[in-house]
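In this text the structure is predicted, and so the values were computed from the model without any measurement. Letters A, B, ... are given to chains in the order of the sequence lines, protein chains preceding strands, and every chain is numbered from 1.
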2 protein chains.
Amino acid sequence: MRLAQGIEWAIHACTLLAPLGREHGLSLTALAAFHGVAAPYMAKQMQLLSAAGIVRSSRGATGGYTLAKPPAEISLYDVVRAIEGPAPAFRCTEIRQRGPCARPRSECRLPCGIAAAFAAAEAAWRGHLAAISIEDIVAQLRTGASDMDLGAALGWLQSNATALPIRSGGGSMQDF
Amino acid sequence: MRLAQGIEWAIHACTLLAPLGREHGLSLTALAAFHGVAAPYMAKQMQLLSAAGIVRSSRGATGGYTLAKPPAEISLYDVVRAIEGPAPAFRCTEIRQRGPCARPRSECRLPCGIAAAFAAAEAAWRGHLAAISIEDIVAQLRTGASDMDLGAALGWLQSNATALPIRSGGGSMQDF
DNA sequence: TTAATACGGATATTTTTTATCTGAATTGAT
DNA sequence: ATCAATTCAGATAAAAAATATCCGTATTAA
């Protein structure tokens, strides 16, 4: 069992976009450079986030990505589902319908006990991730000393002129 | 995220071995035929169960597989760990140590907040599976009408002389 | 001794994941 | 209004992993 690598990148990207607010964003190039990953593959993750309504994309010369919702309304499970899709980890192949003692299909409407047990465990897993928001992760960054260095990040972002802002007009980065 | 297919087969095999008690067992051929799956691949799963101490294997002419512990002491998570190994689904690649704002390695002893959140969710998942035993699954079979047909299974097993018993001597299949 | 069985490693096949590329769309400046 | 620059997005290729299989060896009962 293994989660897609892109999930980690996607969550980090949301974490970086969150303090910028909905008026500012980052280009794909900036996101990839900041995280030290390949831009074309980072693009794929961002596209999935965009399709799921988690980020908004702007094309054109000053285009880039912006968070589409307040960080408090984006859970870790939202990101997981956007990247991985909704398929469950345990997939029942209906063994009970195979072999010499196969059950007829008509008697197999309900999921078997094994599949039900795994479904319950996965529901608990999803529940845990759904209870944690991007805002929670960012809050940890502000207090903890072992995660991303927000101060250094802000400096880098400001010196990276092409990165922001997406839309002209007011707004600042005081949210940091 | 996807669990290995062999987990489903392994759990079904344990479910079938459980009612036979520790004095009777099934050969690989019988297990594969009953479930309608390929014997060589089923062998791989059974070897993993054997290595994990969940089943006992007997070599030789009347060899086969027997449960190594009472069904109540074998949890679904035991089987998952035997097949999949102990690696967590979310694997932190330490993005915070990469890119232009990388944190020095010395400040990254503690797991980052994202990794910690996923670890907690996975612990809940494991906890759910660890709380369900093979005995629980078998108990469902006796009462529920939508899972394996235990009566038909018993008949097939008895007519399959090579399948059991592993060890001569007393014992019966009255456990059914 | 023979036949039947499990074990272990090595090998092919398929699927999934990862990574990359090319074209279409949008924006700002000329 | 047109052009050039920059971006997104879908499609495509490479790599990795999982799945499925085979074969030689060790073991046991008849």
Rounded distance in Å - [atom1] ([X]) to [atom2] ([N]):
X       : N      : atom1 : atom2 : value
A:Met42 : C:dT20 : CE    : C1'   : 16 Å
B:Arg2  : C:dT17 : CZ    : C1'   : 12 Å
A:Gln47 : C:dA24 : CD    : P     : 16 Å
B:Ile7  : D:dT19 : CD1   : C1'   : 13 Å
A:Leu48 : C:dA19 : CG    : P     : 15 Å
B:Gln45 : D:dA20 : CD    : P     : 8 Å
A:Glu8  : C:dT18 : CD    : P     : 11 Å
B:Lys44 : C:dA6  : NZ    : C1'   : 15 Å

For B:Ala4, which contact category applies under a 4.0 Å heavy-atom criterion: base, sugar-phosphate, or nothing?
sugar-phosphate
Please classify the nucleic acid contact of B:Thr29 as base, sugar-phosphate, or nothing, using heavy-atom distances under 4.0 Å.
nothing
Relative to each other, are the rings of A:Phe90 and A:Phe118 parallel, tilted or perpendicular (30° and 60° limits)?
parallel
Identify, between B:Gln5 and A:Pro40, the residue whose nearest nucleotide on DNA chain D lies closer to the 5' end.
A:Pro40
Does [X] have a side-chain nitrogen or oxygen under 4.0 Å from the phosphate oxygens OP1 or OP2 of [N]?
X       : N      : value
A:Tyr41 : C:dT18 : yes
B:Ser58 : D:dT28 : no
A:Arg59 : D:dT6  : no

For A:Met46, does its backbone N or O pair with a side-chain atom of A:Ser50 as donor and acceptor, under 3.5 Å?
no
For B:Ile83, does its backbone N or O pair with a side-chain atom of B:Gln45 as donor and acceptor, under 3.5 Å?
no
